[in-house]
Structure formats: structure tokens, C-alpha cells
Amino acid sequence: MKRVNAPNLTLAALVATCFIQIGAQLFALVVVAGTVAAAPPRSFAILTGDYAYNSSGFWNTVPMITSVLFLVALIANWKTRRRKLLLFALSLFVIGSLIAGLLVEPIFSEMLASGYSDRVDPALQSQAAKWYAFDWMLWAVAASSGLALLLALITPTREQEATVR
């Protein structure tokens with residue numbers, strides 16, 4: 001009976017959750033952030049009312065799962081050649097999280113503090129454009145982290161190299 005390959009299994013799970021997060025972030029950017037940034041505060045209508053868009057359940061859960069899987073995959077792959085790529089991807093993930101929490105989210109909260117109004121404010125529209133650009137930058141950081149993880153996944157462990165020879 002073949003034993004479970006923990007380095008591959010943990011890394012594959014991490015890649016899956018990371019790309020689920022990257023895909024959700026792309027959806028949020030293209031559909032939601034694009035709408036919110038279009039004509040604030042009028043475009044804030046997407047975030048108000050009884051059926052307002054709210055993805056906080058996803059964003060409060062999936063990044064935590066991804067973080068735990070980063071640690072598990074790093075531990076399982078610590079003695080492999082994948083370690084450097086995993087550390088690089090984790091660094092990008094942490095940097096992206098810090099930029100999101102310290103820069104992007106505060107800008108978003110400040111914009112939303114003005115509330116919905118059936119008009120367009122040019123100053124708020126400028127602030128929304130900056131927020132939108134930062135959000136795209138965050139997506140690029142997350143996508144880079146995901147690509148580093150894919151590279152790690154296709155990098156064979158020493159054990160795998162030995163079985164091929």
C-alpha cells in the first residue's frame with residue numbers, strides 16, 4: 001500500500017485555497033469594486049439596502065484557512081527544495097495582507113463613511129480610483145503568490161526524484 005505523500009497533499013490543498021481566494025478577489029475587483037468605484041457615492045447602492053452585496057463571510061473565513069494551510073504545507077515541505085518558493089509565496093501573502101489591512105481597507109471604510117447619495121462626488125470618485133488601483137495591485141501580489149505555489153508544486157521533492165531514477 002502506497003503511503004500518503006504529505007508534502008504534495010498539503011501543498012495541493014494550499015494551492016487550491018489560494019486560487020479560490022485569487023478567483024474570488026478577481027470577481028470582487030471586476031464586478032463589485034468596479035461598480036463601487038464608478039460613480040461614488042451613487043454607486044454605493046450595490047452595498048446598501050436589504051439585498052446589499054456582502055462577501056465578509058468569505059473574506060473572514062478563506063484567508064484564515066489559507067494561512068493555516070501555508071503553515072501546514074511549509075512544515076510538511078520544510079526539508080524539500082520547495083521551501084524557498086513556499087517562503088517567498090508566504091512573504092507575498094503576508095505583504096498583501098498587510099497592505100490590505102493597513103492601506104486598502106481604511107481607504108474603503110473612509111469612502112463608505114460618506115454613505116449613499118443619489119449624486120456623484122468628483123473628490124470621492126478620485127479616492128475610489130486610487131482604492132481601485134491599490135486593489136488591483138493587491139490582486140497582482142496574490143496572483144504572484146499563487147504562481148510561486150504552483151512552481152513549488154511542480155518542483156519534485158528529493159524523495160520523488162529518487163523514485164524516478
Side-chain angles (χ1 to χ4, degrees), residues 5-38 40-41 43-44 46-48 52-116 123-155 157:
N5 187 323
N8 286 346
L9 186 61
T10 59
L11 187 52
L14 172 59
V15 167
T17 61
C18 188
F19 275 94
I20 287 169
Q21 195 169 320
I22 291 167
Q25 192 175 2
L26 183 60
F27 169 81
L29 271 165
V30 172
V31 176
V32 181
T35 300
V36 169
S43 55
F44 293 169
I46 192 172
L47 304 172
T48 61
Y53 177 80
N54 181 358
S55 61
S56 61
F58 178 88
W59 293 110
N60 291 333
T61 306
V62 176
M64 292 301 146
I65 293 169
T66 305
S67 298
V68 169
L69 286 173
F70 254 115
L71 294 175
V72 171
L74 194 54
I75 290 166
N77 285 278
W78 189 254
K79 293 182 180 180
T80 71
R81 298 178 345 173
R82 298 170 171 172
R83 179 176 60 209
K84 288 181 183 176
L85 285 167
L86 276 163
L87 287 170
F88 177 68
L90 178 60
S91 298
L92 289 175
F93 182 78
V94 169
I95 288 167
S97 298
L98 289 172
I99 292 170
L102 299 174
L103 180 67
V104 177
E105 290 303 320
I107 292 171
F108 185 65
S109 295
E110 184 181 322
M111 285 181 351
L112 290 183
S114 66
Y116 169 79
L124 196 55
Q125 203 168 18
S126 174
Q127 186 179 20
K130 181 171 79 171
W131 165 74
Y132 189 58
F134 281 133
D135 226 356
W136 272 107
M137 179 187 72
L138 279 176
W139 183 82
V141 170
S144 298
S145 178
L147 289 176
L149 290 174
L150 282 177
L151 286 173
L153 188 59
I154 65 171
T155 301
T157 62

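Ring geometry for Phe70 against Phe93 counts as tilted: the plane angle lies between 30° and 60°, on a 0 to 90° scale.
At least one donor-acceptor pair under 3.5 Å links the side chain of Trp139 to the backbone N or O of Ile22. Although no hydrogens or angles enter the test, the distance criterion places a donor-acceptor pair under 3.5 Å between the side chain of Gln125 and the main chain of Ala38. Counting only distance, with no hydrogens or angles, the side chain of Arg82 and the backbone of Thr155 share a donor-acceptor pair below 3.5 Å.
Side-chain atoms of Thr66 and Phe19, non-hydrogen and from C-beta on, never get closer than 4.5 Å to each other. Side-chain atoms of Leu149 and Leu85, non-hydrogen and from C-beta on, never get closer than 4.5 Å to each other. Between Leu112 and Phe108 the shortest side-chain heavy-atom distance falls below 4.5 Å. Leu92 has its side chain within reach of Phe88: a pair of non-hydrogen atoms, C-beta onward, lies under 4.5 Å apart. Counting only heavy atoms from C-beta outward, the side chains of Leu14 and Leu74 never approach each other to under 4.5 Å. In this structure, the side chains of Phe44 and Met111 come closer than 4.5 Å at one or more pairs of heavy atoms.
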- Task: For side chain to side chain contact (heavy atoms under 4.5 Å, CB included), just list the numbers for Trp59 and Asn54, CA-CA rounded to whole Å, side-chain angles, deciding distance to a tenth of an Å, and then say yes or no.
- Result: CA-CA 10 Å; Trp59 293 110; Asn54 181 358; over 6 Å; no

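To the nearest 0.5 Å, atoms OH (Tyr116) and CD1 (Ile46) are separated by 12.5 Å. Distance check, rounded to the nearest 0.5 Å: CD1 of Ile107 to CZ of Phe134 gives 5.0 Å. In this structure, CD1 on Ile65 lies 13.0 Å from SG on Cys18, to the nearest 0.5 angstrom. Atom CG of Leu71 sits about 11.0 Å away from atom OG1 of Thr10, to the nearest 0.5 Å. Here the CD1-CG distance, from Ile75 to Leu86, works out to 11.5 Å after rounding to the nearest 0.5 Å.
Between Pro40 and Ala128, the shortest heavy-atom distance links the atoms CG-CB, 3.8 Å. Trp131 and Ala37 make their closest contact through CZ3-CB, 4.3 Å (heavy atoms, listed as atom of the first residue, atom of the second, distance). The two residues Gly115 and Pro41 have their closest heavy-atom pair at O-CB, 3.2 Å. When all heavy atoms of Pro7 and Thr157 are compared, the closest pair comes out as CB-CG2, 4.3 Å. Across all their heavy atoms, Asp135 and Gln25 have their closest contact at O-NE2, 4.3 Å. Contact record, Ala52 with Thr48: CB-O, 3.3 Å, taken as the closest heavy-atom pair.
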